[in-house]
Amino acid sequence: AEDVTERLRADAERESLLLRERVARAEAEAANAAKTDFLAVVSHELKTPLHAITGFADLLHDGELGALTDPQRRPVDRIRTNGRQLLRMIEDVLGYARLDSGEERVRLERVPLDRVLSELVDEAQKSATAKGLALSMEVRDEICLAETDPGRVRDLIRALLSNAVKFTESGEVRVTLWREPSWVAVEVEDTGIGIDPEQMPRVWDPFWQAEHPLIRKVGGTGLGLSIARRLASLLGGDIAVVSTPGAGSTFTVRLPLAHG
Ligand code: ADP
């Protein structure tokens with residue numbers, strides 16, 4: 001009889017443990033859903049007035065509301081550029097928070113990375129040329145199909161390219177694509193300011209930015225690389241960096257190769 005009692009007690013304990021686990025899981029899911037809702041609301045609440053601000057600043061800038069006087073031109077420009085920058089920062093914070101909540105899902109397909117890269121290079125060409133930088137692309141293997149999410153890959157590479165252009169004062173930015181037995185690799189190489197070896201472990205930390213006069217000038221949130229790293233791991237790949245201060249940096253992303 002004692003055996004039976006003991007067994008019944010053990011069963012009851014196991015069941016109550018399972019129940020507690022289920023409750024905890026449900027609570028965590030509810031908390032996550034609340035966080036995602038909160039982010040959606042905040043994003044909307046912040047972005048709507050900002051769109052109005054930048055929209056009206058654009059109208060003023062384009063002379064749609066009458067010609068601007070000379071002293072008015074500079075402040076209007078400042079409103080436009082700062083408004084845009086604030087929008088980008090909000091996008092970064094939201095993007096990071098969404099990835100951090102673990103709610104993000106990916107849709108994998110076979111993506112020809114050469115095409116994606118050449119679109120991104122075209123997109124970045126204007127800002128590179130404006131700074132007098134040469135921006136080029138080399139495709140080492142003819143077919144580089146990745147099993148990946150095309151939108152996420154674009155966000156990831158775009159962040160690296162925009163950093164390369166931002167943190168390079170002279171010289172060039174090169175994008176190289178090649179295939180390995182299980183990976184497709186994308187390298188973004190620049191001849192920019194580089195990263196101090198001591199600071200290297202921190203580059204992936206959210207909000208980290210180097211102490212450098214150029215960085216203060218270009219602004220930003222310090223979220224780009226932490227988002228990039230999370231995206232790479234979400235896509236089943238990884239990201240690495242090699243850098244020499246004053247000489248340049250090379251970021252390499254590896255993504256799963258599409259088979260067959
Ligand atoms: P942000 O670009 O908004 O500052 P990131 O997370 O993309 O944020 O980058 C974090 C920091 O890493 C930058 O502020 C800069 O100090 C350093 N960094 C990133 N990319 C480069 C690069 N290509 N060359 C030199 N430093 C870089």
Side-chain angles (χ1 to χ4, degrees), residues 43 46-47 50 81-100 104 117 120-121 123-138 151-177 185-235 237-254:
S43 122
L46 291 177
K47 282 183 351 196
L50 252 181
T81 48
N82 283 286
R84 292 235 161 73
Q85 195 184 344
L86 200 48
L87 271 175
R88 272 196 302 273
M89 288 164 79
I90 293 172
E91 295 291 353
D92 268 8
V93 171
L94 290 168
Y96 176 78
R98 272 196 303 263
L99 280 168
D100 205 47
E104 290 287 76
L117 285 192
L120 291 172
V121 167
E123 199 183 287
Q125 203 61 254
K126 206 172 132 201
S127 52
T129 312
K131 292 182 76 179
L133 303 176
L135 172 58
S136 62
M137 171 174 156
E138 183 195 342
R152 303 311 173 87
V153 152
R154 255 182 217 111
D155 292 345
L156 169 53
I157 311 286
R158 189 183 287 120
L160 298 181
L161 253 178
S162 113
N163 275 350
V165 172
K166 243 171 32 181
F167 300 123
T168 304
E169 282 164 309
S170 67
E172 57 172 334
V173 173
R174 294 162 63 104
V175 182
T176 313
L177 175 67
V186 179
E187 190 177 271
V188 179
E189 188 182 3
D190 66 55
T191 55
I193 58 173
I195 300 160
D196 189 337
E198 273 174 33
Q199 303 289 343
M200 213 52 152
R202 305 186 57 196
V203 297
W204 313 110
D205 290 353
F207 302 109
W208 180 82
Q209 296 184 295
E211 295 284 334
H212 192 284
L214 178 65
I215 290 162
R216 212 145 297 132
K217 208 175 79 192
V218 295
T221 51
L223 282 171
L225 287 180
S226 55
I227 293 174
R229 172 125 117 173
R230 278 174 163 73
L231 282 177
S233 91
L234 189 70
L235 295 171
D238 70 16
I239 182 170
V241 56
V242 178
S243 180
T244 311
S249 313
T250 304
F251 286 83
T252 309
V253 176
R254 285 191 169 73

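All heavy atoms count here, side chains included; hydrogens, waters and symmetry mates do not. Remember, it's 1-based here, ligands and their atoms both numbered in the order they're listed.
- R229 places none of its side-chain heavy atoms less than 4.5 Å from the side chain of L225.
- Residue contacts with ligand 1 leave out W204, since none of its heavy atoms falls under 4.0 Å from the ligand.
- When only non-hydrogen protein atoms are considered, atom 4 (O) of ligand 1 lies nearest to Q209 NE2, 2.7 Å.
- Interatomic distance, CD of E189 versus OG1 of T168, reported as 10.5 Å (0.5 Å rounding).
- Using a 4.0 Å cut-off between heavy atoms, S249 contacts ligand 1 through its side chain alone, with no backbone atom that close.
- Salt-bridge formation is not detected for the pair R174/E187: no Lys NZ or Arg NE/NH1/NH2 atom is positioned less than 4.0 Å from an Asp or Glu carboxylate oxygen.
- Closest to atom 7 (O) of ligand 1 among all protein heavy atoms lies N163 ND2, 2.8 Å.
- In this structure, CG on L99 lies 6.5 Å from CG on L234, to the nearest 0.5 angstrom.
- Using a cut-off of 4.0 Å between Lys/Arg side-chain N and Asp/Glu carboxylate O, R152 and E104 are scored as salt-bridged.
- Between K166 and ligand 1 there is a heavy-atom distance shorter than 4.0 Å.
- Proximity of I195 to ligand 1, defined as any heavy-atom pair under 4.0 Å, is confined to the side chain (atoms from C-beta onward).
- Under a 3.5 Å cut-off, the side chain of K131 and the backbone N or O of K166 do form a donor-acceptor pair.
- No heavy atom of A159 sits closer than 4.0 Å to any atom of ligand 1.
- Note that CD1 of I239 and CH2 of W204 are 4.0 Å apart. Values are rounded to the nearest 0.5 Å.
- In this structure, of G224, P206, S162, G222, the residue bringing a heavy atom nearest to atom 1 (P) of ligand 1 is G222.
- Among protein heavy atoms, atom 23 (N) of ligand 1 sits closest to D190 OD2, 2.9 Å.
- Residue contact annotation: G194 has a non-hydrogen atom under 4.0 Å from ligand 1.
- Nearest protein heavy-atom contact of atom 6 (O) of ligand 1 is L225 N, 2.7 Å.
- A donor-acceptor pair is defined here as one N or O able to donate and one able to accept, closer than 3.5 Å; no such pair exists between the side chain of S243 and the backbone of G194.
- Between F167, W208, Y96, it is F167 that holds the heavy atom closest to atom 22 (C) of ligand 1.
- Counting atoms of ligand 1 from 1 in the listed order, those under 4.0 Å from a heavy atom of L223 are 6 (O), 8 (O).
- Using a distance-only test at 3.5 Å, with no hydrogens or angles considered, no donor-acceptor pair links the side chain of D190 to the main chain of G248.
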